[in-house]
Amino acid sequence: MGGATIKTLRSRLTLTILAVLLFTVALISGFSNVYINRTFENYIAREEREQSESIVADIESRYNALAGGWSEDFLHTLGMYSLYDGYIISVADARGNVLWSAENHDMTQCGRIMADIAARMAGINGGGFETRDYALMVGQQKVGSVAVTSYGPFFYTENDYRFIKTLNAATLIIALLAAALAVGAGSLLARRIAQPVARTAAIAAQIARGNYNERFDEAPDTRELNDLAIAVNQLAASLAEQENLRKRLTADAAHELRTPLTAVGSHLEAMIEGIWEATPERLRSCHEEVRRLGLLVQDLQELAKFDSDNLKLTKTEIDLAELVRAVCRNFEAEAAKKNIALSVCAGAGFVSADKDRMNQVVTNLVSNAVKYTPANGHISVVAAASAGAGLIEVSDDGIGIAADELPFVFERFYRTDKSRNRKTGGAGVGLTIAKSIVEAHGGTIDVHSQVDAGSRFTVTLPR
Ligand code: ADP
């Protein structure tokens, strides 16, 4: 993973968001600026033409036909107004004699105004002063001519210039504000994304070190990050549970093995040292303990097999009715010994399942029912299969299980206090194995029970 280019998620996100936003802002302000300027320039250029034409129309309208010319005052006033607006005019009569010319009138003023405009427009449109000649017509008769000199293709008056400068400044300010906003929003967003990711990495590192107690305290409010946090929390929790289970399994197994071993050991010691006589009865009792030890080890082995995740099923179409009848037959003798009525109620119904494993499930359930039902009790086994699912129910009217112990009966080595006292139970793995098998089939196993009233175990299997 990674060379020199590893950056924090936060800086990467911030930079990317910043770049995209700045680019967008630049693009928008650039475009709008160009567009507004262009429109404005066109408007100004049109204004300039119209202004020239209006000067011509003004002069024409003030022609005094009787005197055959214009009043000096009028030409002077118009000329000076036009000059201040940036139009240098020169009016001549029909014969071409100059009647009034701004340049003749006030050379320095003309020069100054032209220099002002040229300076203002420098670098804006690379234009220059140009002169347009207009004939002055009254009716069909040409009464004179006027030459209008102005900066072309267009020029800004002082006000125009201020307007365009303000516009550009406003655009720049907007761009800067947007950039600042981009940096702020970018780093905020980045922090919101980066923080949970960094937390995930920290928790994962803790998990790798064997510390499963770290958790996300606050769920991020972004869907994917929230999912990530939940997944990490679940991972930590399930690893913690696995770890607990593993520790308990070892401790429980040691405990379960120690009790019978100690008993056999001390009995044999007493007989060897002659404290006890080795009567067949005592030897049988030792043998019984050893047998129980053997069963326990067998249970452990069995459990290890089912615990390994690759519990392989060899599924065939099996008849649940046939299965429960076969299992119950094996328990007939044991039930009869305790005078327990063992009844089977099953109609043919096929499900796809592993026959041997399902046999084990039913065996464990019926064996428990026989074990935990006192003499003269009743056990009923029901099997049914519908189109959707298979169902097996094993009910008894035995000692039952206390409500506070019910949640644990499927756990390894769990035995209720009552069954412990009675010394009837096995190692406490029968239900664990049954559950593993049923769940490997995609089914469920449930228990309903009441102390001294009896228990009902229900297994469902998908078709
Ligand atoms: P065990 O080998 O001790 O029977 P299981 O895993 O089969 O272990 O069962 C766990 C515990 O659940 C038993 O020790 C017993 O306390 C309780 N249990 C199981 N089945 C029954 C039942 N039919 N009636 C009463 N208690 C039961």
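For reference, positions follow the sequence shown, starting with 1. Only heavy atoms go into these numbers, but all of them, side chains included; no hydrogens, no water, no symmetry mates. Atoms within a ligand are numbered from 1 in the order they appear, just like the ligands themselves.
- Contact annotation for Phe457 and ligand 1: only side-chain heavy atoms (C-beta onward) come within less than 4.0 Å of the ligand.
- Taking every non-hydrogen atom of Ile401 and a distance limit under 4.0 Å, the qualifying atoms of ligand 1 come out as 18 (N), 25 (C), 26 (N), 27 (C).
- For the ligand labelled ligand 1, residue Asn364 lies outside the 4.0 Å heavy-atom shell.
- Tyr156 has its ring centre less than 6.0 Å from the ring centre of Phe40.
- Checked by distance only, ligand 1 and Gly430 come closer than 3.5 Å through their nitrogen or oxygen atoms.
- Side-chain atoms of Asp160 and Glu47, non-hydrogen and from C-beta on, never get closer than 4.5 Å to each other.
- Considering every non-hydrogen atom in both Phe155 and Asp85, the closest pair reads CZ-O, 3.4 Å.
- Below 3.5 Å of separation, one finds an N or O of Leu431 facing an N or O of ligand 1.
- Between His267 and Trp276, the ring planes are tilted. Angles from 30° to 60° get that label.
- Residue Tyr372 holds the heavy atom nearest to atom 3 (O) of ligand 1 of all those in Tyr372, Phe408, Phe410.
- With a 4.0 Å cut-off on non-hydrogen atoms, Val394 does not touch ligand 1 at all.
- Contact between Cys328 and Leu342 at its shortest, heavy atoms only, is O-CD2, 3.6 Å.
- Contact annotation for Glu405 and ligand 1: no heavy atom of the residue comes within less than 4.0 Å of the ligand.
- Within the structure, ligand 1 has Gly400 among the residues with a heavy atom less than 4.0 angstrom away.
- Thr316 meets the side-chain contact (heavy atoms from CB on, under 4.5 Å) test with Ile318; sequence neighbours excluded.
- Using a 4.5 Å heavy-atom cutoff, the side chains of Pro196 and Glu218 are not in contact.
- For ligand 1, the polar-atom distance check finds no N/O of Thr432 at less than 3.5 Å from any of the ligand's N/O atoms.
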